[in-house]
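The structure appears right after this line, and notes come after that.
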Amino acid sequence: MNLRKCGLLMALSGTCLLAATPAEIETKINALISRMTIEEKLGQMSQSSFPKGLPDRARGEIRGGRWGSFFNGGTPQEKAEAQRIAIHESRLGIPIIYGQDVIHGFHTVFPIPLGQSASWDPELVRQAARIAAREASAVGIHWTFAPMMDIARDPRWGRIAESLGEDPYLAGVLAAAMVSGFQGEALDAPDSIAACGKHYVGYGAAEAGRDYNTTWIPETLLRDVYLRPFQMARKAGAATFMSAFNALNGVPASGNGFTLRHVLRDEWGFDGFVVSDYTAITEMIAHGHASDAQDAALKGIRAGVDMEMVSTNYYDNGKALIDARVLDPKLIDQAVRNILRVKFRLGLFDNRPQPASTPAEQPSREALEIARRLATESLVLLKDRNGVLPLAKSVGKVAVIGPLADSPTDQMGTWAMEANRSAVRTPLAAMRQKLGENRVVQAAGLKTSRDTGSTGFAAAVDAARAADVAVLFLGEESSLSGEASSRSMLDLPGAQEDLAREVAKVGKPVIAVILAGRPLTFHNLAEQVNAVLYAWHPGAMGGPAICDVLFGDAVPSGRLTATFPRTVGQAPIYYNHMSTGRPAAESGAEANNKFTSKYLDVSFTPEYPFGFGLSYTAFEYSNVRLSSPRIRIGEKLAVRADIANTGKYEADEVVQLYTRQLAASLTRPVRELRSFRRIHLHPGEKKEVLFELSTDDLAFYREGGELTIEPGAFHLWVAPDSASGQRAEFWVVR
Ligand code: GLC
């Protein structure tokens with residue numbers, strides 16, 4: 001309980017149950033542990049989805065201390081009743097912790113995390129998570145299985161949609177913002193929910209982008225890239241972590257003592273709890289790591305997974321493993337301590353109110369405004385030939401064409417199960433509201449994004465003929481995105497490119513708005529249309545956000561956080577790659593050197609690079625200046641640059657700072673994002689942007705977990721994206 005609430009209690013009752021101190025919590029945990037049976041301990045380590053309808057059998061199990069947690073299900077009334085039984089009818093009265101996948105909103109659905117990351121706006125991302133926490137806690141949820149912070153470098157992987165992009169620093173900053181939003185100022189506040197860093201670790205490195213596939217990640221890369229966002233989330237105070245499905249260097253992540261104990265506990269000092277992913281403990285048998293259920297339980301507990309999600313190996317085998325003296329009972333106590341510690345920190349033992357009412361699911365005005373702002377800031381303008389955008393409001397008639405112009409489910413994207421669909425505003429609805437019904441001509445052209453039929457094309461062509469401009473809403477249905485949704489091709493599904501071609505033949509200006517859960521390849525489409533706006537799955541307020549940008553009521557400021565390949569054959573593709581000994585060149589004499597790292601049939605460069613995004617205005621970068629040409633290890637380097645708005649719209653710009661170490665004991669990436677600033681400039685305005693770079697920012701891991709800073713020459717860019725910018729040079733010296 002925090003002091004704010006305590007003050008209120010003092011006023012009301014003259015007494016105040018001050019929040020238990022960490023020492024007091026440990027005392028309470030010890031007292032409980034000393035009284036718990038092995039069955040009750042194993043019960044705390046067991047999580048199931050909420051028992052539908054809360055049948056008598058489940059009531060009896062709760063009374064017997066069978067479950068420490070339920071997730072994803074149960075009405076507020078059922079949750080309150082189950083909690084009442086746990087607290088008042090079980091032997092020790094240990095409360096249940098309720099979890100839920102609140103990934104990018106609860107009743108109010110925000111853009112998918114990959115879209116949110118394109119805003120480069122941690123504060124707005126935090127506000128969205130805060131709203132999600134308020135809405136989820138209001139129905140009795142204590143814990144969300146978010147933020148997901150897997151680094152993804154392969155857009156074939158469906159869960160790139162849930163990620164915060166390919167850069168470890170940006171992903172870490174945004175994950176920390178989400179942790180702060182979910183957990184609020186005090187974890188035991190009624191509107192705070194525990195965060196869960198997932199999927200720990202390396203899940204996004206699935207070979208071939210195929211979900212659940214094997215990962216091989218050398219320790220230096222694991223630490224520099226895949227662990228980094230998790231370490232930042234840990235520093236932000238994430239209360240829990242979730243162990244992943246994938247095998248990591250031959251050991252399943254849910255049985256991996258190196259990552260779960262050596263790194264997470266011993267190096268990072270994490271004292272919350274780890275929950276497995278869904279049946280990931282049992283899956284160690286299929287992995288070929290555990291020989292049977294008992295072995296799976298043994299390996300999961302020894303590795304440091306405190307709570308088992310859905311599968312019941314811990315409960316079924318824990319006692320036998322202890323009786324056979326195969327498993328040290330101290331490890332059971334340790335896991336239970338971690339779980340109880342989070343329950344105490346959440347205030348569950350302090351009678352945190354367990355709401356039994358179903359609050360209005362209608363998102364608040366504030367929530368929808370944040371959803372609209374975040375959706376707007378997530379939109380990335382990829383092409384705008386001859387400045388066809390923004391459209392004038394006097395544009396006449398607009399043809400709204402495509403299968404994703406009016407599909408609430410699809411625009412919300414993956415993991416939107418609690419969404420309030422009535423609050424979703426589609427692009428078609430928003431366009432009609434902005435222009436009036438009689439100025440909007442609609443023709444879907446295709447039933448769904450996968451539709452291969454052309455029977456709807458004629459109506460779409462007629463709509464384009466009847467209008468002054470055509471806006472295509474294309475992309476991926478939400479069902480093609482998220483878990484178990486990897487795609488071997490990245491093209492627009494179905495006959496969408498054919499539809500676009502027929503519409504383009506009409507000869508009117510055509511704008512393509514793409515709603516998708518991953519980077520797609522659409523080179524030919526981009527050649528045929530005047531402009532391309534990437535909207536991801538933009539959430540409930542995607543429609544108004546897209547229309548605001550199309551008509552200039554908002555200026556696009558989104559920047560890509562995942563590299564867009566030209567073809568799927570380039571995947572995995574990412575900006576912070578190594579040079580190789582034969583780096584290819586796009587220009588100059590080397591460009592024609594056959595014997596460099598490239599392809600015969602497509603450029604080695606991406607279609608659109610990390611950090612890229614256009615605006616309606618133009619920004620000029622100049623005068624990069626450093627506080628010194630050299631710094632000693634331990635010192636800081638001040639980096640300044642002037643950014644001017646040389647266009648005619650006031651707008652936001654995301655100024656990015658990249659560095660490259662030219663030579664080191666381990667090769668370093670050709671660029672690494674070190675910092676960024678989102679600035680606002682009026683037309684004609686110039687601002688000085690200052691970055692403070694410390695040599696700690698330049699550190700990298702050597703084998704064995706040694707974090708090192710090596711002297712040497714560096715390049716540095718202050719840039720609008722990862723492929724351009726003003727370059728400077730500096731040295732780090734001992
Ligand atoms: C799923 C996902 C995980 C989710 C969990 C509970 O399989 O991998 O992200 O939180 O199960 O739904």
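All values below were derived from every heavy atom in this structure, side-chain atoms included, with hydrogens, water molecules and symmetry-related copies excluded. For ligands, and for the atoms within them, numbers begin at 1 and follow the listed sequence.
For ligand 1, the atoms sitting less than 4.0 Å from at least one non-hydrogen atom of Phe145 are 10 (O), numbered in the order shown with element in parentheses. Atom numbering of ligand 1 starts at 1 in the shown order; those under 4.0 Å from a heavy atom of Phe245 are 7 (O), 8 (O). Counting atoms of ligand 1 from 1 in the listed order, those under 4.0 Å from a heavy atom of Asn72 are 12 (O). Below 4.0 Å from some heavy atom of Lys198 lie the following atoms of ligand 1, by number and element: 3 (C), 4 (C), 9 (O), 10 (O).
Polar contact with ligand 1: present for Arg159 (N/O pair, distance under 3.5 Å). Considering backbone and side-chain N/O of Asp277, one or more are found under 3.5 Å from N/O of ligand 1. The shortest N/O to N/O separation between His199 and ligand 1 falls below 3.5 Å.
For the pair Met36/Ile332, no side-chain contact is recorded, criterion being any heavy-atom separation below 4.5 Å from C-beta on. With a 4.5 Å cut-off on side-chain heavy atoms, Pro229 and Ile151 count as touching. For the pair Met284/Lys299, a side-chain contact is recorded, criterion being any heavy-atom separation below 4.5 Å from C-beta on.
At a heavy-atom cutoff of 4.0 Å, ligand 1 is contacted by no atom of Tyr212, backbone or side chain. Under 4.0 Å from ligand 1, not a single heavy atom of Met148 appears.
Two rings, from Phe564 and Tyr534, have their centers less than 6.0 Å apart.
Shown here is Arg210, whose CZ atom has no more than 12 heavy atoms of other residues, nucleotides or ligands within 6.0 Å.
For the ligand labelled ligand 1, residue Glu162 lies outside the 4.0 Å heavy-atom shell. Look at Tyr203 and you'll find every heavy atom at least 4.0 Å from all atoms of ligand 1.
Side-chain contact check for His199 and Glu162: no donor-acceptor pair (N or O, by modelled atom type) lies under 3.5 Å.
Cation-pi geometry between Arg234 and Phe270 is not met: the NZ or CZ atom fails to fall both under 6.0 Å from the ring centre and inside 45° of the normal.
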